[in-house]
Each structure stands twice: as structure tokens, then as C-alpha cells.
Number of protein chains: 2
Amino acid sequence: MPPRKRATITDVAAAAGVAASTVSRAFTRPGRVNQHTREHVLAVAEELGYAPNPAARALESGRTGTLALLVPDITNPYFSGVIKGAERAAAAAGLTLVLGDTAENPGQEEQLVRRLGPAVDGFVLSASRLPDEQLRRAAELNPIALVNRATPGVACVVADFDSGTRQIVDHLASLGHRALVFLGGPPESWSGARRWAGLQAAAARAGLEVRRFGPYVPTLGGGPAAADAVIAAGATAVVAHNDMLAIGVMQRLAERGVGVPTDVSVVGFDDIVGAEFCHPTLTTLAERTEDAGARAVEAVVAQVLTRASEPPTRVLPTQLVVRRSTGPVHTAPPN
Amino acid sequence: MPPRKRATITDVAAAAGVAASTVSRAFTRPGRVNQHTREHVLAVAEELGYAPNPAARALESGRTGTLALLVPDITNPYFSGVIKGAERAAAAAGLTLVLGDTAENPGQEEQLVRRLGPAVDGFVLSASRLPDEQLRRAAELNPIALVNRATPGVACVVADFDSGTRQIVDHLASLGHRALVFLGGPPESWSGARRWAGLQAAAARAGLEVRRFGPYVPTLGGGPAAADAVIAAGATAVVAHNDMLAIGVMQRLAERGVGVPTDVSVVGFDDIVGAEFCHPTLTTLAERTEDAGARAVEAVVAQVLTRASEPPTRVLPTQLVVRRSTGPVHTAPPN
DNA sequence: CAACAAATGGCAAACGCTTGCCATGTGACG
DNA sequence: CGTCACATGGCAAGCGTTTGCCATTTGTTG
């Protein structure tokens, strides 16, 4: 198989009997060439299967028409929403979206930002694990928008965890719980910190006692360790860093004969797709992830177009979805 | 915020007091420069935060150091395995992996291949929805490897559906089922076709009757329609195109008061992460998705290095994971 | 019909990097 | 001490586009 040569702009120009610059303009500056020549050029290009070489284009113009979205763990269904939303918005803006997985690893994330940096028009960093300082530096080189992470001077869209955690605590309190345990996720997680802070504040208001365990890895695999700690502590209500962990906890609880919600109520964060078909179905705080992804892309696009001075922060509402994993406290050993 | 200028190779060269070519070689041809100068150059580069511009590099060398992995639906946990495996292999080869979502849409897929084509060193197309002809043409321009899709002349790695479907049928037959219904997915899906063909062959061998319903959309959302059809048909065993659909079916079945596996047994394909925590847990055919992703990347890398003449086809074993969604037939209305 | 403006096309210089080729310096060998 | 080979660095020519500028054609206006 001959590694066939890709048609270049010069090929098209020659075939169409015009100069390369005309071909270029036919694509990028429709008004700049005669309607008639333009059609001809486009037809010839189509016939030759010509597609402008993005590398060459980027070199001169600095624009690549590509946005990168980095997430800590593609595997986590939570990010599916962000991805979908970002894709929609990117498509609407005529941009190609590429995804990168940072494996929850700041080093990996930094490397991706460095390598991809010159090759994309901007970044959406979802749940970035990078320290503020590094984010700010990266933001100087590329337009950046953060999702569920706030850093002064960088555009970001975050979920309203204050209201969300209050909803959780109120729900639990109304079921008679007097204390709850928070199962923490990765220490670098900004939203993890916000969740914990919100929980503490809300609990103080409602007169609940709170403790924090962990950190645990925020996946199914983190479940057993967390669940065992919960059992040992005799908690009646636990709030997990995210749904994957919550589901892992419930699995382990079931394994150990602890009833949910009879013996302990479990709450997650994210409302991932599995939350509605795990067993029991999971009470969880839903975020508007698609919106978040879309807004973030829009923020990046805005920066590309106009170097806005003060990047905006947007707060998206959250909503507690009550399912079967939470219930009234059961005063242990039956009356 | 001044859109700070990125350091270029000339900046580094000037700062290090050498020629640009030396800087270039310090990075790409370690043996070609003096160990001493090389260290110096690298140090200066690091200090300036220099990262080679991939676009410029690609322009001259034709190599971008980037691989693209396209999947029909990032949201589907099935592809998580492929992605993980591909990432691992790409990292091992020193390549950056970017992901693209084709939204189950051949048009979108084609556009991505066109746009990304000149910007990457090769593609892994997972469950491609593109017609053979187009795949072959794309393969002329870029090294390509297919996952769960076979096209003559293009490298591919596929799951062993023949053995897999036989396992499913044997399992069902041994539970006393005499007939089964296949709930089809997207018509363009190659693996869907293979699954159906395998099922038919295996059923014929085992003396089972098979019918095919659908196509349904291979997500939770496809469940209700499929489940209702199953109920109407009075089937005792159904095999769904994939796990998402299977879980959606089970949800709907539960809603309509049909017991799984008491009244109907359900089997899926893929063994996604949710299969072990849905209710009941799902019997499903597991593929070695991570391996598949890794092998595919390796195949692409091999093509990049040596324009091999005959691209290989690799078949990966499959394995039926029996869980709680399948059971013995229950001769309906109780004895 | 002259004078000028607008529309349109071409030329050539970048963009940041790689690489073939040449020039110089160094050590080995006879 | 003269040759030669090798190691190392620099020069300059691209790679496929975009874009500022100029030349030409065409159309408008007085």
C-alpha cells in the first residue's frame, strides 16, 4: 500500500488554475474572492479530497480550531455529562474537541497541558488537580476555563455546593439522623474540599455532628475500605465523595450484611447514570454537568475571541435526588 | 493579562548561545550533540518553559507524536476499557492520546477523521460506523487500527464472538431455555452483526429458536421499548446488544412486574462496570477491552514505524460472566 | 470619456521546526 | 608530524498555510 500523499493547497491551486493564496482565501475568507472562482476552487478541492493541514494552518495563524478537555478519569461516568455538554458547545462553535485523561495525576495533567498547549486554541480543565500557581501560569499561555475548580483570575464554572450540601444535611436531619460521616476523596480535589466545607457548615446550622474519613480512591474500588470504616464507627449516615465511591460502599455494606437504608443511609455526589440502577438506588446530589461543560467551552471561546480582562465565575445550581439509599434512622439493636 | 508569547526554539537557541538546529537536535537526536551542550540546552529550555510546537514539528517531519482514538459514545462505559488500554499503550510508546466522540454518527466520524487526519500519526477506530470503502480510503492516508470491526486490508483486533455467543447459548440451554430473543443495536454496528450471526449459529447447533427484535438504541433509554417487545412476545430469555440496553430492559421489566431471572433471563454484552452493581447483577459476555485498546495502539505504532504490507487481525478471547440475571426457565403460570 | 475606487488575484514573506549538507575541531593512527 | 575519520555545530532550505501588499481588471462617477 503506497502511503498516498495528501493533497496540498498547491495541488489544488494548480488543478484549479489559480494561486495558492486564492485557494486559501476561498476557504477562510469567503468574501475575499469572486463567488464564481470560489465555487470552482471548492469543487476542485473536494474532488482532490483536499483538507487544509491543521498544523500548517496553526503555524501561521496561531489558530487550530481545536479545544482540549482534560478530565481526571474518563472512566468515571460523572464526566460523561461534562463531555457531552462540551462537545455540543464546541460543535456549535465550529471547533473540534479532543479529550485527555489525566489519570487523577497532577504530573500527567501538567504534561498534557504542556504538550497540547501549542496545538489547541484553549483548554477546559475539569476538576483540575493542578495547584493554583500552575493554573495561573498555564492561563497566561492559553485560554482556560475550569470546571468545578475555582482559581482567582481564571474563568470557571462551579456547582453550588453550599446549597447542595445544605440540601443533603437537611434531608438527613429530617430523617432523624444526628450525625454523619463524610468519606473523602482525593486531597487535591477542589470540589472535595468544597463539599466537606459545605457539609460542616450545614451540619453546624442543623446541629448535626460530622466526621471525615479517608481519603479514599473515588471509585468502586475505594468502597470496601470506606465501608469497613463506616461499620467500625457505627455511623447511621454517610456522605461519599462521589457516586462511584458510594456505590462501592453499598456493595461492601451488603456483603457484610449491613442494610441500606435500614442500618445506614448513603448519599453520593454527581448523580451518575449508574445511580438509578444500583441497589438500592442512590440518593445523590445532581449537578448540571452538561451545562457546566457547555458553559466552560463558551468561556474559552469568549477568551479566544476577545481577551476579556476579568474572567467570569459561574455558579450552577445543584439538586438533591432522593432515591432509596436514604431512610429514617433505625435505633440500632431493635428497641 | 498580556497574552504572553510562548518561547520558541530560537529563543532557547539565543539564550543558550547555540544555533536553533542544535536545540532541535538536543531534543530529537540525543546522540547527535555533545552530552555537555545538550544538558545546557535542556536546562535553558526548561527555564524558559519551552515546549516544542507540535504543529511546526509536524509540518516538517510529518510526525506529531499524537494518536487519536475515536469511539461512538464516550458515555458508554464499555469504551472505558478500550480507552484505558489505549492510553497505557500510547504512553508506553511515548505518544499522546486524544479522544474523539463520534456520537454514533458516521458523518461525524468521517469529519473527525478528516480534520484530525493531518494532525495525528494514526487512528484507532473503535466500533467504527464507517462503511468499508471509506475505511479503506482513510487507511491510505493514515495508519489505522480497528477495534471490533473487521475490514480486509486494515489492521484490526476483534473479540471472539463465535465462541462468546456459543457460551451464551450453551448457558441458556443448560438452564432449560428453548428459545431466545436478540435485542439488536445500531444497524451499522459490525459487532452487532457478528453477535447476531454467532447467536444464530450457536442456537442452531443447540437446537434453540432465535428471533431478533430491534434495532434499539444501545443505551438505558432503549430499554423500555425493547422490554415491552419482550413482554409482548412472551420470551423467556433475551440477549441484548450490550449491557446498557440490557440494564435498561431490566429496569423496565421490574417496572412492569416481570421478574428477572424468574420470568425472563437477561444477558448482555461488554461486562461494563455497572453490570456488577445493577439489580439483579447482570450475566454478560466479557471482552478484554483493555487488551483490545492496547493491541490496537500497538498495531498503529507498528504501521507508523514500518509500512507493513499485510496488516494483522487479532482475535481476543471472550468470557461469559454468569451473575444473577439468568436462571432456569420457570414454566409460566406456576406449575 | 477621464479619473478614481472597489473588487479580485498573485507574490512573497513569514510561522517554528527539522534535516541534509558543509565547516571546523579533535583524537587516532601510521 | 601528516592524514584521516569522526564528532560536533551551524547554515539554509524547506514543510503547507496565511496574509500584507501590490497589480490588474472592472465598475462608478462627474
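Residue numbers start from 1 in every chain, and the chains themselves are labelled A, B, ... in the order their sequence lines are given, proteins ahead of strands.
- Applying the 4.0 Å criterion to OP1 and OP2 of dG16(C), one finds that Thr10(B) has every side-chain N and O outside that range.
- The distance between atom CZ of Arg63(A) and atom P of dC15(C), rounded to the nearest whole Å, is 18 Å.
- Only Val18(B), Ala19(B), Ser21(B), Thr22(B), listed by number, bring a heavy atom of residues 15-22 of chain B to less than 4.0 angstrom from any atom of DNA chain D.
- Residue contacts shown for Pro118(A) are absent, as no nucleic acid heavy atom lies under 4.0 Å away.
- Residues Lys84(B) and Asp291(B) are not paired through a salt bridge, judged by the lack of any N-O separation under 4.0 Å between the basic side chain and the carboxylate.
- For the OP1/OP2 pair of dC17(C) and a distance below 4.0 Å, the side-chain nitrogens and oxygens of Asn53(B) include no atom meeting the criterion.
- Here Arg25(B) lies in heavy-atom contact (under 4.0 Å) with a base.
- Ion pairing between a basic and an acidic side chain is recognised when a charged N comes within 4.0 Å of a carboxylate O; Arg115(A) and Glu109(A) show no such pairing.
- Taking atom CG of residue Leu59(B) and atom C1' of nucleotide dT19(C), one finds them 14 Å apart after rounding to whole Å.
- Classification of Arg137(A) and Glu140(A) as a salt-bridged pair fails, no side-chain N sitting under 4.0 Å from a carboxylate O.
- Atom CG of Leu48(A) and atom P of dG16(D) are 14 Å apart (whole Å).
- In this structure, CD1 of Ile9(A) is placed 12 Å from C1' of dT19(D), rounded to the nearest angstrom.
- For the pair Asn34(A) and Arg32(B), both in contact range of DNA chain C, the more 5′-proximal nearest nucleotide belongs to Asn34(A).
- Each of dG10(C), dT17(D), dG16(C) was ranked by its minimum atom distance to the side chain of Ala56(A); first place goes to dT17(D).
- Residue contacts shown for Tyr50(A) are limited to sugar-phosphate atoms, with no base heavy atom under 4.0 Å away.
- Distance Gln35(A) CD to dA6(C) P: 21 Å, rounded to the nearest Å.
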Indicate every side-chain donor-acceptor pair of residues 17-34 of chain B with a distance under 3.5 Å to a residue at least two apart or in another chain.
unit_1   : atom_1 : unit_2   : atom_2 : d
Thr28(B) : OG1    : Ser24(B) : O      : 3.0
Asn34(B) : OD1    : His36(B) : N      : 2.6

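- Contact of Arg57(B) with dG16(C) (side chain to base): no donor-acceptor pair of N or O atoms is detected under 3.5 Å.
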